[in-house]
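Below is one structure, written out as structure tokens; comments come after it.
Note: hydrogens, waters and symmetry copies are ignored here, and every other heavy atom, side chains too, is used. In what follows, every chain begins at residue 1, and chains take the letters A, B, ... in the order their sequences are listed.
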Amino acid sequence: MTPGRLALTAVGDSLDRCIKCTVCESACPVAAVTSLFPGPKTVGPQAERFRQSQGSSPDRSVDYCSGCGVCTRVCPHGVRIAEINARARARWRGRTGVSLRDHLLARPVLTGRLGRPVAPVFNWALGQRPLRVAAERLLGVHRAAPLPRVVGRTFRYRVSRRRPPRSPDRVVYFHGCSVDYFEPWVGQMTVAILEHNGFAVDIPRQGCCGLPLQSTGLFEPARRSVRRLARSLSPAGTDGLPIIASSTSCGLMVKREAEEILGVEDARLRDVSRRTYDLFEFLAGLHRAGRLRTDFTPVPLTVAYYAPCQQRGQGIGEPAMDVLGLVPGLRILELDRSCCGIAGTYGLKREKYAIAMAVGRPLFDDIAAARPDLVACDSETCRWQIGRATGLPTVHPLELLYRAYGGAEPGSAAAGPGGQ
Amino acid sequence: MDPSARMAGNDRAAADVVVIGAGTAGLVAAIRLSQGGLRVRVVAAGHGCLVLAPGVIDVLGYAPERVADPARALAPFVAAHPDHPYARVGPDGLDRALAWFRETVAPLGYVGALRHNRLLLTALGGLRPSCLVPQTMAAGDLSQGGPVLVVGFHGLRDFSPALVAANLCAVVPAPGTGVAARAATLEWPGPSGDGRPLTLARRLEDRSLRAAVGRDLRTVLGDEPRVGMPAVLGVDRWQEVWEEMQLVAGRPIFEIPLVPPSIPGLRLFDLLRRVLRAAGGRLQVGAPVTGVRHRNGRVEAVTVARTPREQVIDTRWVVLATGGVGGGGLQVDPDGTVREPTLGLPVHGVPVPGHPRVLPDPFASHPLDRAGLAVDEAWRPVDRSGRVVALNLHAAGAALTGCEPWREKSGEGISIATGYLAASAILEEAG
Ligand SMILES: Cc1cc2nc3c(=O)[nH]c(=O)nc-3n(C[C@H](O)[C@H](O)[C@H](O)COP(=O)(O)OP(=O)(O)OC[C@H]3O[C@@H](n4cnc5c(N)ncnc54)[C@H](O)[C@@H]3O)c2cc1C
């Protein structure tokens, strides 16, 4: 049987497949709530023809694309709309320049490093309305936007004195910035779950994947970041090992976006990319191979589960549903909405906050109607957005798995092994 | 060691049935299979025609004259077209499939019966026959003629009430009848708009904007017993919007489908997806299938293109519902050959070499229109000698040979009936 013609096409070439059918327009969550973004078809394939002749972006509306990637996914003809728009945004930013705010938001490691030594003050400041109002005026970070609290002791510090079990089965853990500075318990539980399943976990020193830089349009620094990361994730002696990512957006960056949006061609990155797995993708694969431990204790909770955009962008289905479905007592309600609105740092920005909240509204309404005990979502920024908007405890699905394996109550920072 | 070899096992998923395609046929088959207790995974390159088509279920509109009663027209129609999918579906299969469909999408309140085609108004003021229509179009049957008020919005793209009314006054639904149509135009609600139907539909979900439209509507009402409005009466909250508008008008309001994207189609698509999830089915979009692995005449797995690694889904059955030329299920090459590009299945009804590509009358029937997959009684594709290609590979929808949905007005009817029956064949085998 012959190979299909729909095999992934190069981003630029895909333009000519657009027949203007409006499928992407009907699915775009941003165009649904604001006319500042005229929709993926207009801003993408249509405007791209002008960009190609003039070499620059004709309008600023492309900046209102949140980069959620829904358009590319729903296009029946394989047009890489989101990728075309991301590149156009970078060109637009190249002309207009990047604000101080965007420089800061694009560098989570910097925020983490600055905030960590003064964590109590930093976290206190996040909760102070007058200070947030001032930050909104000065920096343009919306006063009500969901910002994470930094922790006093980083993930790396917490695992530094760990004695890893020996095992012939080894994996590399790609924890990302967020686990290190904001949610170390997610990293600790990832390690615990992998070790429980008989893996020795290597945790090489690593920096940012460059995704926030890329979505800000800072392509050159983003390329440097992801190249550096690829080297960090493949230290000597780890050839061929699976690399496990617990952050869906960072995983997507390494798997696809570095090549498809940034156009990075790098043998080291390609090797790392081919070995990178989303945590639940990996666990579901283990289960398929009969290797996942299922010594679960019941978890009598009703959980609303939302698969974030970036995870769907990985094309792995909903592996968390497969794995959590094995846990006795757990009732999972799946939420079928396209986006929570935050899209990384989009919803933090003063001029986009209201749009992001409107994008997420149908999701928040569905959650309210489901009346769950908890909300589960694989992406950190989406968790913060959903938690802030619904007031419900919002966890990474691995926190439920951790509990099923006999760990502590999920949904609190104290849940991680070793606590705060 | 080559890491891809070492970790190949990690890229496998499993299902009882993989349904390829998320159009009407794929979703219908997937829902029915999930309801039957099988684990179903729909993998689709993208969204199907549902969000483009008007959301009405045409069963048989022309054969070749306009059909008033599809139930009666069916027997002579299949006698004249023995290769048509309806020949296999049969009157009983069609009945069951449509009854099941109406029940499955009950929240949208589809009305109609096989014995009667409604004559619905088009966005250009023509009439077109259709069989099952959503509640919001029910009052739009113009087969008996009568006075109608056609209401539009200033700035709404591709919908001119004056044009609709003028054209409508010229049509004769049935001998001795006619339509007296009058046009009126309302203000676009809220700040100046982009003219898109979706934007307008979402604005109408806002209570205060809707109230303004209602006030405006009251001023243009006349003696006409019903009002036609463009199909923009809300997306998620259509029921609220539609009912309130009728209350304001004090008479039935019917929606008139517009050019794509289609809001009634979007409502139907959203509902089918929710029903699928509720029945336990999975939907993976952005997942182009590149082929299958087979052994001993059976498909064992479906392969999906994905960066950075291909995905392999082990499965017991496959339903191919990749649509026609528009959906990507068939491909016409520049030399006039027709291919089934996903699995390379044999295509039937391809015009003989040398047949003119374009006919002098562009609306005349071209053999290309009927090219597609031929299937056995269990909806399994067969080769030119009638042998089944794979024992557990089934097909449904617009990819099938022998029909001309555009000309016959039979598209959604074929997709629903064949999706339903292909699923039934699998459920029967599964026991
Ligand atoms: C603008 C428009 C108006 C229409 N109006 C009417 C009407 O008024 N009345 C009527 O009855 N019918 C109408 N139709 C026709 C009707 O929509 C179709 O006949 C019918 O619904 C086709 O459904 P389907 O499920 O077979 O295919 P489609 O809806 O085309 O779905 C095909 C699916 O397969 C997927 N796919 C294709 N190749 C692959 C692959 N290799 N791997 C994975 N997935 C793949 C596609 O992405 C898509 O999800 C209209 C169609 C259009 C486009």
Pick from B:Ile263, B:Asp194, B:Asp236, B:Leu52 with the largest number of heavy-atom pairs that fall under 4.5 Å of chain A
B:Leu52
Count the heavy-atom pairs under 4.5 Å between each of B:Gly326, B:Gly46, B:Pro308 and chain A, then report the option with the highest count.
B:Pro308
With a 4.5 angstrom heavy-atom cut-off, is it the side chain or the backbone of [X] that approaches chain A, or both, or neither?
X: B:Ala278; result: neither
X: B:Val285; result: both
X: B:Ala14; result: both

Looking only at A:Asp336, A:Asp322, A:Val23, the option with the highest number of non-hydrogen pairs under 4.5 Å against chain B is A:Asp336
Looking only at A:Ser35, A:Pro362, A:Cys75, most heavy-atom pairs under 4.5 Å shared with chain B are made by A:Cys75
Go through A:Asp366 and B:Arg274 one step at a time and tell me if the salt bridge (charged side-chain N to carboxylate O under 4.0 Å, His left out) criterion holds.
CA-CA 12 Å; A:Asp366 281 3; B:Arg274 277 206 299 282; over 6 Å; no
Sub-4.5 Å heavy-atom contacts with chain A: which residues of residues 197-205 of chain B show up?
B:Leu198, B:Arg202
Against chain B, label A:Ile316 side chain, backbone, both or neither, depending on which of its atoms sit under 4.5 Å from a heavy atom there.
both
In plain terms, say whether [X] and [Y] are close enough for a salt bridge, that is, a side-chain N and a carboxylate O under 4.0 Å apart.
X: A:Glu318; Y: B:Arg277; result: yes
X: A:Glu281; Y: B:Arg309; result: yes
X: A:Glu260; Y: B:Arg306; result: no
X: B:Asp270; Y: A:Arg337; result: no

Return yes when atom [atom1] of [X] has more than 12 non-hydrogen atoms of other residues, nucleotides or ligands closer than 6.0 Å, and no otherwise.
X: B:Asp333; atom1: CG; answer: yes
X: A:Arg331; atom1: CZ; answer: no
X: B:Arg207; atom1: CZ; answer: no

How would you list, by chain and number, every residue that makes a side chain to side chain donor-acceptor pair (under 3.5 Å) with B:Thr315, sequence neighbours excluded?
none
Closest non-hydrogen atoms of A:Ala27 and B:His47, given as atom of the first, atom of the second and distance, are CB-CE1, 4.2 Å
Determine whether the side chains of B:Thr307 and A:Glu259 contain a donor N or O and an acceptor N or O closer than 3.5 Å.
no
